[in-house]
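Along the sequence shown, the residues carry numbers beginning at 1. A quick note: this is a predicted structure, and the numbers were derived from the prediction, not measured.
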Amino acid sequence: MKFVCVDGVPRYRDLATTFAAEILRPHGHDLVWYEEAAPDADRFAELADGADGLLLYGLRGRFPAEVLDRCPTIKIVGYLGTGVARAVDVPAVRSRGVAVCNVPDYASDSVAELTIALLLAVARRLAEGDRTVRAGEWARRPGRQLIGTQLGVVGAGPIAAKVISRARGLGMRPVCWTRRPTPQRAAALGVEFVDLPALFAESDVVSLHLSHTPATDGLISAQLLGLLKPDAIFVNTARAELVDTAALYDLLRREAIFGAGLDVFAPEPPDLSALPLAANLVLAPHAGSVTAETFGAALRIGIENLRAFAAGALANEVTE
């Protein structure tokens, strides 16, 4: 079978070639690698003509599903990431009889590490301190010590589990909320499950680790955010769409919470005019999964998904 990556990234060409030679070619399959920065539907269809499947980086816009009408041989679309809905209209693709696969849990360590980095940066006012020192000032505003504080984790997946483990190393006390609480999950994480209002009202730090779905869209409402303590820290390395962003920004403008660390925005890049001019707001460019190690892992798993499809199986299929 012939698989095509249209929107490949130049720095991963050699790695993609190596993985294709190792995973696909021994079974008679191949991966054709292009590096189109922003292909439109016409260019996508031109380069994907005759392919059996597509491998998408999906970093620079959404996949035009109408390409599949012009390339009827394509039967699988593989996305190199977890949040496939950001880059692919999954129902539109599946309605054409085309399978969709993603790469789950390839970056949980990296995202967990960035979560802790943002938490520490906010707690110790690192971005604010950096700005003042560079400006020739020597203004030292008190930070927050984390040992003995309660961390409220929203979500109980692989990233949440690793954040909980790392937070314990800082001497924090984690509690958790999940849509599917069971005694077994609580025991595996070693945490108490609490309801969302209690988590927001009682935690010193709240960190989000949920996928964005219709069920979680806007889950973190203005009412929940209003329960945060005046000295609370809010961290989001999941999805901006989970949160009433206007309410969060209002809290930051009024300094009604201690601070926030944000790695995700809607849209991305964010509208700078909408961001609050809050001293203790630390921003990252959706970099939680952006490490050399995670890109290599995602690429390998994505190519293994294609090999599984060629063998008559579906690995890591996305159905909604």
Side-chain angles (χ1 to χ4, degrees), residues 1-104 106-107 267-269 285-287 289-311 314-318:
M1 287 187 172
K2 174 185 174 182
F3 301 106
V4 173
C5 180
V6 172
D7 60 339
V9 177
R11 66 179 175 272
Y12 295 111
R13 182 191 311 120
D14 291 344
L15 195 57
T17 300
T18 298
F19 288 159
E22 175 186 334
I23 297 167
L24 294 175
R25 288 181 198 142
H27 302 279
H29 315 300
D30 204 1
L31 174 67
V32 181
W33 183 266
Y34 298 104
E35 294 167 356
E36 296 281 328
D40 59 16
D42 289 337
R43 186 60 171 159
F44 240 115
E46 176 187 350
L47 296 179
D49 185 44
D52 297 286
L54 292 175
L55 187 66
L56 303 178
Y57 259 90
L59 299 180
R60 290 152 290 182
R62 287 177 66 79
F63 168 65
E66 61 268 28
V67 167
L68 301 174
D69 300 326
R70 298 162 60 179
C71 301
T73 58
I74 294 173
K75 294 303 176 186
I76 184 171
V77 171
Y79 175 69
L80 290 175
T82 53
V84 62
R86 299 181 68 249
V88 179
D89 185 337
V90 175
V93 172
R94 286 174 53 83
S95 71
R96 291 166 166 85
V98 178
V100 179
C101 295
N102 72 346
V103 178
Y106 74 101
E268 292 185 345
H286 202 149
S289 63
V290 184
T291 65
E293 293 83 0
T294 57
F295 274 126
L299 189 55
R300 172 179 282 280
I301 297 169
I303 292 175
E304 288 175 344
N305 287 345
L306 299 179
R307 186 201 59 77
F309 173 79
L314 276 175
N316 300 314
E317 183 181 15
V318 177

Salt bridge between R70 and D49, side-chain N to carboxylate O under 4.0 Å?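 No, R70 and D49 are not salt-bridged.
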Going by an N to O cut-off under 4.0 Å, is there a salt bridge joining K75 and D52?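 Result for this pair is no, no salt bridge flagged.
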Step-by-step side-chain contact (heavy atoms from CB on, under 4.5 Å) determination, L55 to V4: CA-CA 6 Å; L55 187 66; V4 173; over 6 Å; no
Could you grab the distance from atom [atom1] of [X] to atom [atom2] of [Y], nearest 0.5 Å is fine?
X: D40; Y: E46; atom1: CG; atom2: CD; value: 9.5 Å
X: R13; Y: E35; atom1: CZ; atom2: CD; value: 4.0 Å
X: N305; Y: L314; atom1: CG; atom2: CG; value: 9.0 Å
X: Y57; Y: D7; atom1: OH; atom2: CG; value: 9.0 Å
X: T294; Y: L80; atom1: OG1; atom2: CG; value: 11.0 Å
X: K2; Y: L24; atom1: NZ; atom2: CG; value: 13.5 Å

Report the residues that fulfil ring-ring contact (aromatic ring centres under 6.0 Å, His included) with Y106, sequence neighbours left out, ordered by chain and then residue number.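 With sequence neighbours excluded, Y106 shows a ring-ring contact (aromatic ring centres under 6.0 Å, His included) to no residue whatsoever.
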Compare every heavy atom of [Y] with every heavy atom of [X], then report the nearest pair and how far apart it is.
X: I23; Y: R307; answer: O-CD, 3.3 Å
X: F44; Y: V67; answer: CB-CG2, 3.5 Å
X: V100; Y: R94; answer: CG2-CG, 4.2 Å
X: A21; Y: P26; answer: O-CD, 3.1 Å
X: A92; Y: R96; answer: O-NH1, 2.9 Å
X: A310; Y: F3; answer: CB-CZ, 4.2 Å

Test side-chain contact (heavy atoms from CB on, under 4.5 Å) on F63 and L54; report intermediate values, then the result. CA-CA 10 Å; F63 168 65; L54 292 175; 3.6 Å; yes
Is there a side-chain contact between H29 and L306, using heavy atoms and a 4.5 Å cut-off?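 Answer no - side chains too far apart.
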Between R62 and V88, is there a side-chain heavy-atom distance shorter than 4.5 Å?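 Answer no - side chains too far apart.
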Check side-chain contact (heavy atoms from CB on, under 4.5 Å) between L15 and all other residues, then give those that pass, not counting sequence neighbours.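 With sequence neighbours excluded, L15 shows a side-chain contact (heavy atoms from CB on, under 4.5 Å) to Y12, F19, L299, given in chain and number order.
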Given E22 and R300, is the side-chain contact (heavy atoms from CB on, under 4.5 Å) satisfied, shown in steps? CA-CA 10 Å; E22 175 186 334; R300 172 179 282 280; 3.0 Å; yes
Do I76 and C101 pass the side-chain contact (heavy atoms from CB on, under 4.5 Å) test, and can you show the C-alpha distance, the side-chain angles, and the key distance before you say yes or no? CA-CA 8 Å; I76 184 171; C101 295; 3.8 Å; yes
Go through the side-chain N and O atoms of N102 and N316 and say whether any donor and acceptor fall under 3.5 Å apart. no
